[in-house]
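Working notes, structure below.
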2 protein chains.
Amino acid sequence: MPQRGKRATIREVAKATGLSPAAVSYALRGVQTSEETQERVRRAAAELGYEAHPIARALASGRSGMVGLLCGSLEDYWQQSLAVGIGRALLARDRYALILDAAGDPEREIALARQLRDQRVDGLIVQPLDPAAPFWAELAEALPVVSIGDSLRGGHAQGEVVFDNRRGVTLALEHLHGLGHRRIAVLTPTRASTPDRPADVHVHAEAERLGIEASVITAPQGLAEATELARALLRAPDRPSAVFCFSDSIAYGVYAATRELGLDIPGDISVAGYDNYPMSSLLSPPLTTVDWDIDNIVHAAVRVVLGAIDEKPYRRRTVTAPTLEVRASTGPP
Amino acid sequence: MPQRGKRATIREVAKATGLSPAAVSYALRGVQTSEETQERVRRAAAELGYEAHPIARALASGRSGMVGLLCGSLEDYWQQSLAVGIGRALLARDRYALILDAAGDPEREIALARQLRDQRVDGLIVQPLDPAAPFWAELAEALPVVSIGDSLRGGHAQGEVVFDNRRGVTLALEHLHGLGHRRIAVLTPTRASTPDRPADVHVHAEAERLGIEASVITAPQGLAEATELARALLRAPDRPSAVFCFSDSIAYGVYAATRELGLDIPGDISVAGYDNYPMSSLLSPPLTTVDWDIDNIVHAAVRVVLGAIDEKPYRRRTVTAPTLEVRASTGPP
DNA sequence: CCGATTCACTGAAGCGATTCACTGATGCGG
DNA sequence: CCGCATCAGTGAATCGCTTCAGTGAATCGG
């Protein structure tokens with residue numbers, strides 16, 4: 001046990017001030033002590049270079065000050081942005097985010113969730129790969145759990161921030177319809193890579209309402225695969241006049257395919273995306289896409305998890321509404 | 001103190017097996033005990049649903065199992081990739097990464113470094129905003145510190161992974177020179193946003209060697225600012241035939257400016273970047289840029305920090321060589 | 001002026017592991 | 001058959017802080 005850098009303990013501060021360790025503990029947290037004593041303690045602590053030992057504190061108090069953040073796959077830029085935002089928001093509230101990455105594997109996701117519980121994080125924010133896993137219910141009994149994107153099975157979670165995907169679909173389809181598109185291909189990711197989009201159903205409903213002929217196609221994971229799919233789609237004689245991609249990453253595949261085939265966006269084909277990846281505005285042409293207010297999602301999730309931890313009231317369910325970021329990749333057919 | 005989910009302790013396992021807590025502790029870690037006892041303990045532990053309490057363990061043993069990762073600014077996609085990689089690499093070695101984000105503020109960087117030390121992480125990987133801060137030396141005395149990108153002041157760090165920026169400059173300039181460019185603008189980021197590039201000096205040396213007329217310009221932070229700078233540069237009557245940007249994000253600004261001005265890349269102007277941001281291959285045209293082997297950097301950093309923690313031998317200094325990713329944004333003048 | 005509160009603080013008991021210094025066995029060479 | 005390691009396991013101390021129950025003094029309403 002290498003003991004580099006011995007640090008002052010609370011006992012030494014107690015000795016220095018002539019108080020009991022308990023009094024020092026209280027004073028440092030500003031409870032149950034007079035202003036004067038607090039000041040005296042703070043001074044002595046500063047002089048001795050005392051800093052509370054978070055691990056000892058965690059053991060004694062039963063709270064670690066850490067919130068787990070379990071991401072489905074951090075390859076995803078959108079999830080990266082979310083993780084960065086949550087990390088900052090927690091830091092601003094004097095807590096740490098312990099970020100774990102399931103790398104797209106639902107089994108690993110559960111294993112990591114278990115590790116996080118054993119690690120005694122105070123709460124957990126999860127963007128579940130598999131919202132139906134039975135383990136979530138068990139987990140939510142041990143600590144506050146907040147899900148982002150999907151409701152967890154059984155509704156045992158302490159909170160959730162969900163997306164109004166129906167609205168997202170409506171925004172995109174109405175936009176394309178308004179431009180005059182009537183034959184649209186909808187490319188959706190496979191289940192494993194992205195939270196469920198029950199909105200698929202909604203696509204058909206909205207298409208019918210608007211009088212659009214929509215064909216829904218599942219795109220395999222990976223840029224190369226998406227490109228290949230798009231290539232086939234664009235080569236077909238009866239190619240649609242617009243493509244609505246249920247994830248910006250799929251749209252990137254479409255871009256690649258159009259470049260190969262020498263087609264122009266939006267001249268030959270309009271492309272709309274979903275999720276507004278940070279680089280989507282940099283493409284040429286910049287991608288029209290459905291945008292979520294990440295800050296809002298971050299703060300809702302953090303508020304809920306901290307509320308549950310501190311046993312203060314909070315809103316259990318937040319539904320985020322998207323907006324459509326209209327850029328240059330869509331135009332009249 | 002809400003006590004949800006009481007869990008079994010080592011004492012209960014001891015009682016169940018008729019051993020002392022100490023014996024159980026040893027058995028669980030597979031030391032100083034017979035195979036037979038270990039098996040018996042493991043079985044009892046499983047039956048009771050016992051899981052070691054990491055916080056208690058950390059307090060008693062003095063090691064937390066966590067490695068701090070202090071990033072200069074997680075807005076930067078390159079640093080995001082690095083963080084994701086390091087997080088995964090540590091997880092694969094049964095450790096957690098505690099990722100903190102200085103958000104570009106050198107003072108906050110030091111404050112967070114201090115917090116990480118007080119948090120008793122076992123080691124620290126830092127991509128320093130301010131490698132000259134005196135605090136690094138103090139920190140390195142308390143725990144193993146590994147820097148990525150820049151050497152820390154005084155060379156007290158236990159290890160470092162640095163970039164061969166001279167080589168990067170040479171690669172880019174030779175490429176442009178080979179295509180026939182003789183008048184090149186070099187756009188470098190301000191010091192605060194990116195690790196120091198002492199390579200600026202090297203730019204002049206290499207330019208001279210190759211017979212290139214290079215003008216070095218400092219670009220302010222932010223896409224809009226970079227775009228503005230590029231606009232001015234491209235409008236000038238004596239505009240250079242190529243731009244070498246010392247960060248892909250600056251190149252994005254140049255792209256935006258060319259689009260505005262109706263210029264063609266690489267027809268009217270060649271653009272080369274630095275760092276190969278993940279989206280740079282998606283731009284049109286895909287950006288020619290200097291690429292670093294992130295995996296290599298990740299593993300070097302992780303090897304060093306874990307080596308120092310476990311007091312095993314390791315290589316103190318790793319120099320990463322870049323390669324040039326030649327794509328479609330550069331061509332003959 | 002009294003009993004009840006409130007206030008500031010103390011002492012001691014944990015929190016749940018690890019680790020050090022020992023203690024009996026057991027093994028083994030000579 | 002002795003003396004010396006070696007091995008498996010024990011007890012108790014410890015890590016540094018929080019928290020509970022309690023104590024004496026000051027405060028207060030009536």
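Labels below follow one simple rule: chain letters A, B, ... track the order of the sequence lines, proteins then strands, and each chain is numbered from 1.
- Rounding to whole angstrom units, CD1 of residue B/Ile55 and C1' of C/dA17 are separated by 11 Å.
- Nearest to the side chain of A/Ala60, among C/dG14, C/dT10, D/dG9, sits C/dG14.
- Rounding to whole angstrom units, OH of residue B/Tyr50 and P of C/dG16 are separated by 10 Å.
- Checked for salt-bridge contact, A/Glu138 and A/Arg117 meet the test: a charged N lies under 4.0 Å from a carboxylate O.
- A/Arg11 has its CZ atom 14 Å from the C1' atom of C/dT10, to the nearest Å.
- Per the geometry, CD belonging to A/Glu12 stands 9 Å off P belonging to D/dG16, to the nearest Å.
- Along DNA chain D, the nucleotide nearest to A/Ala52 and the one nearest to B/Leu19 differ in position, and the one closer to the 5' end is contacted by B/Leu19.
- Between B/Arg63 atom CZ and C/dA17 atom C1' there is a gap of 15 Å when expressed in whole angstrom units.
- For D/dG9, one of the phosphate oxygens OP1 or OP2 lies less than 4.0 angstrom from a side-chain nitrogen or oxygen of B/Thr37.
- Here B/Arg29 reaches the OP1 or OP2 of C/dT18: one of its side-chain N or O atoms lies under 4.0 Å away.
- Applying the salt bridge (charged side-chain N to carboxylate O under 4.0 Å, His left out) test between B/Glu160 and each of B/Arg317, B/Arg153, B/Arg315 identifies B/Arg317 as the sole match.
- B/His53 has its NE2 atom 6 Å from the P atom of C/dG16, to the nearest Å.
- A/Gln32 contributes no side-chain N or O that forms a donor-acceptor pair with the base of C/dC7 under 3.5 Å.
- Rounding to the nearest 0.5 angstrom, the gap separating the CD1 atom in A/Ile148 from the CD atom in A/Gln79 is 9.5 Å.
- Under a cutoff of 6.0 Å and an axis angle of 45°, A/Arg7 and A/Tyr50 do not form a cation-pi pair.
- When the side-chain nitrogen and oxygen atoms of B/Thr33 are compared with OP1 and OP2 of D/dA8, none of them lie within a distance under 4.0 Å.
- When distances are taken from the side chain of A/Leu59 to each of C/dA12, C/dA17, D/dG16, the shortest belongs to D/dG16.
- Between A/Ser61 and the phosphate of D/dC17, there is no side-chain N or O to OP1/OP2 separation shorter than 4.0 Å.
- At D/dG16, none of the side-chain N or O atoms of A/Thr9 fall inside 4.0 Å of OP1 or OP2 (strictly under the cut-off).
- Rounded to whole Å, the distance from CD on A/Gln119 to C1' on C/dA17 is 14 Å.
- B/Tyr96 has its side chain out of reach of B/Leu90: every pair of non-hydrogen atoms, C-beta onward, lies at least 4.5 Å apart.
- Counting to the nearest Å, the P atom of C/dA17 and the CD1 atom of B/Ile10 are 5 Å from each other.
- Proximity of A/Tyr26 to the phosphate of C/dC7: no side-chain N or O atom is located under 4.0 Å from OP1 or OP2.
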